[in-house]
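The basis for the numbers below is simple: all heavy atoms, side chains too, and nothing from hydrogens, waters or symmetry mates. Below, chain A is the first sequence line, B the second, and so on; all start at residue 1.
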2 protein chains.
Amino acid sequence: MPGRVIVSRELADIFKILAHPDRVRLVEELGHGEKDVTAIAHALGLPAPRVSQHLAALRSHRLVTDRRAGRQHFYRLTRPGMAGWILDALPFLEVRGPIEGPAQLEEVRKLWAADHA
Amino acid sequence: MPGRVIVSRELADIFKILAHPDRVRLVEELGHGEKDVTAIAHALGLPAPRVSQHLAALRSHRLVTDRRAGRQHFYRLTRPGMAGWILDALPFLEVRGPIEGPAQLEEVRKLWAADHA
DNA sequence: TGCATATCTGCAAATATATGCAAATATGAT
DNA sequence: ATCATATTTGCATATATTTGCAGATATGCA
């Protein structure tokens, strides 16, 4: 059964890269369009070196690509659909107990969007 | 910005749990319906204790629930849609370079389904 | 050239996860 | 009760990840 094993390993690698709150927020941030490292660092309230490391992790599996303009590196999602796909996982998570019904799901979506720039 | 931080942490937790090839295959296995631990262990070619630990991880965030019948524990996905959602990530992964176009995506889907029981 | 800004890389300590195996628990059958 | 089966739990070791910080590289401007 080599086929599934290979694919599941690749999928697990992607999940591993996304398995960090900062990187989840980073991907959602890039869901709105390309941004340079400093802008991302500011938006996320993180030191630039850390953002750079997170981006390196995402780059290692080509989840993001970069475009250099002068001394700034603008990053964007290789597959813009990824940001939306992540939000499709909202029904699976638990914020104060299981989410039952579309009403509570809407709650969580609002919670996510609450402080959007 | 507490809203997004909380949600992103929950999302990252889910990604962390799925960030293991065995658990990815396990979830896909349960996508076809409930199964008991031994059946899963056999299908995945893993020792039962390890499957049990993987299930405990999935259970810890209510990604699976169990039903006991005699000495067997039948597990199933709390949200059956999760199996399909994982497969939606196929366009994001790289099997021998980036996947370009629906043709290569179909390749990967076949690769996944290749040895299905 | 020299200086400031933007980004990246490397290191070390703390923390977390994976793996294999042994032992414990629970259920059902004789 | 005794025994076999099914599942879970615990422990020890190996490996990986996170974090903060320092230093290195690269670009643009005076």
Side-chain angles (χ1 to χ4, degrees), chain A residues 5-6 8-27 29-30 33-78, chain B residues 5-6 8-27 29-30 33-78:
Chain A
V5 173
I6 293 171
S8 63
R9 193 160 45 217
E10 292 275 341
L11 286 169
D13 281 345
I14 288 180
F15 287 130
K16 196 178 302 181
I17 291 175
L18 295 176
H20 192 293
D22 294 344
R23 290 195 287 267
V24 170
R25 289 197 295 150
L26 205 164
V27 169
E29 203 60 41
L30 293 182
E34 67 172 16
K35 274 204 175 69
D36 70 291
V37 180
T38 301
I40 296 168
H42 184 261
L44 270 53
L46 296 174
R50 193 127 94 245
V51 171
S52 181
Q53 284 174 325
H54 286 319
L55 286 168
L58 292 164
R59 223 173 18 197
S60 74
H61 280 254
R62 291 193 228 283
L63 268 36
V64 298
T65 57
D66 62 324
R67 168 181 78 82
R68 308 183 179 198
R71 48 187 145 183
Q72 287 160 311
H73 295 204
F74 288 91
Y75 282 86
R76 60 176 168 177
L77 299 179
T78 305
Chain B
V5 173
I6 293 170
S8 63
R9 193 161 44 219
E10 292 275 340
L11 286 169
D13 281 346
I14 289 180
F15 286 130
K16 197 179 301 181
I17 291 176
L18 294 176
H20 193 293
D22 294 343
R23 291 196 286 268
V24 170
R25 289 198 295 151
L26 205 165
V27 169
E29 203 61 40
L30 292 183
E34 68 173 15
K35 275 203 174 70
D36 69 291
V37 180
T38 302
I40 296 169
H42 183 261
L44 270 53
L46 295 174
R50 194 127 94 245
V51 170
S52 181
Q53 284 174 327
H54 285 319
L55 286 168
L58 292 163
R59 222 172 19 196
S60 73
H61 280 255
R62 291 193 227 283
L63 268 36
V64 299
T65 57
D66 62 324
R67 168 180 79 84
R68 309 183 179 201
R71 49 187 145 182
Q72 286 158 310
H73 295 205
F74 288 90
Y75 281 87
R76 61 176 166 176
L77 298 180
T78 306

When the distance from CG of D13(A) to P of dA16(D) is rounded to whole Å, what number comes out? 12 Å

The single option from E34(B), E29(B), R59(B) that satisfies side-chain contact (heavy atoms from CB on, under 4.5 Å) with Y75(B) is R59(B)

Interatomic distance, K35(B) NZ vs dA6(D) P [rounded to whole Å]: 17 Å

Report the distance from atom CG of L46(A) to atom C1' of dT18(D), rounded to the nearest whole Å. 13 Å

Counting heavy atoms from C-beta on, name the nucleotide in dT7(C), dT7(D), dT17(C) closest to the side chain of Q72(A). dT7(C)

Nucleotide opposite dA30(D) in a Watson-Crick or G-U pair, distances under 3.5 Å: dT1(C)

Would you mind classifying the nucleic acid contact of R50(B) as base, sugar-phosphate or nothing, using non-hydrogen atoms under 4.0 angstrom? sugar-phosphate

Closer than 4.0 Å, any side-chain N/O of Y75(A) to the OP1 or OP2 of dA6(C)? no

Which nucleotide sits closest to the side chain of H20(B): dA18(C), dA4(C), dC8(C)? dA18(C)

Taken to the nearest 0.5 Å, the spacing of H20(A) NE2 from S8(B) OG works out to 10.0 Å

Which of the following nucleotides, dC8(C), dT17(D), dT7(C), is nearest to the side chain of T38(A)? dT7(C)

OP1 or OP2 of dA6(D) less than 4.0 angstrom from a side-chain nitrogen or oxygen of H73(B), does that happen here? no

So, is R23(A) close to the dT18(D) phosphate, meaning a side-chain N or O under 4.0 Å from OP1 or OP2? yes

Just to verify, which of L44(A), D36(A), V37(A) counts as forming a side-chain contact (heavy atoms from CB on, under 4.5 Å) with I40(A)? L44(A)

Beyond-backbone contact of S60(B) with D13(B), side-chain heavy atoms, under 4.5 angstrom: no

In this structure, are over 12 heavy atoms from other groups packed under 6.0 Å from R76(A) atom CZ? no

Atom pair distance, as rounded to whole Å: CZ in R71(B) and C1' in dT5(D): 5 Å

Across the strands shown, which category fits P49(B) at heavy-atom distances under 4.0 angstrom: base, sugar-phosphate, nothing? base

At 4.0 Å (heavy atoms only), tell me whether F74(A) reaches a base, stays on the sugar-phosphate, or touches nothing. nothing

Rounded to whole angstroms, how far apart are CZ on R67(B) and P on dA6(D)? 16 Å

Has H61(A) got a side-chain atom pairing as donor or acceptor with L63(A)'s backbone, closer than 3.5 angstrom? no

dist L58(B):CG -> D66(B):CG (nearest 0.5 Å) comes out at 11.5 Å

Please state how far atom CG in D66(A) lies from atom C1' in dT7(C), giving the value in whole angstrom units. 11 Å

Please list, in numerical order, the residues of residues 52-59 of chain A that have a heavy atom closer than 4.0 Å to any atom of DNA chain C. S52(A), Q53(A), R59(A)

On DNA chain D, compare the nucleotides closest to R68(A) and K16(A); which residue's is nearer the 5' end? K16(A)

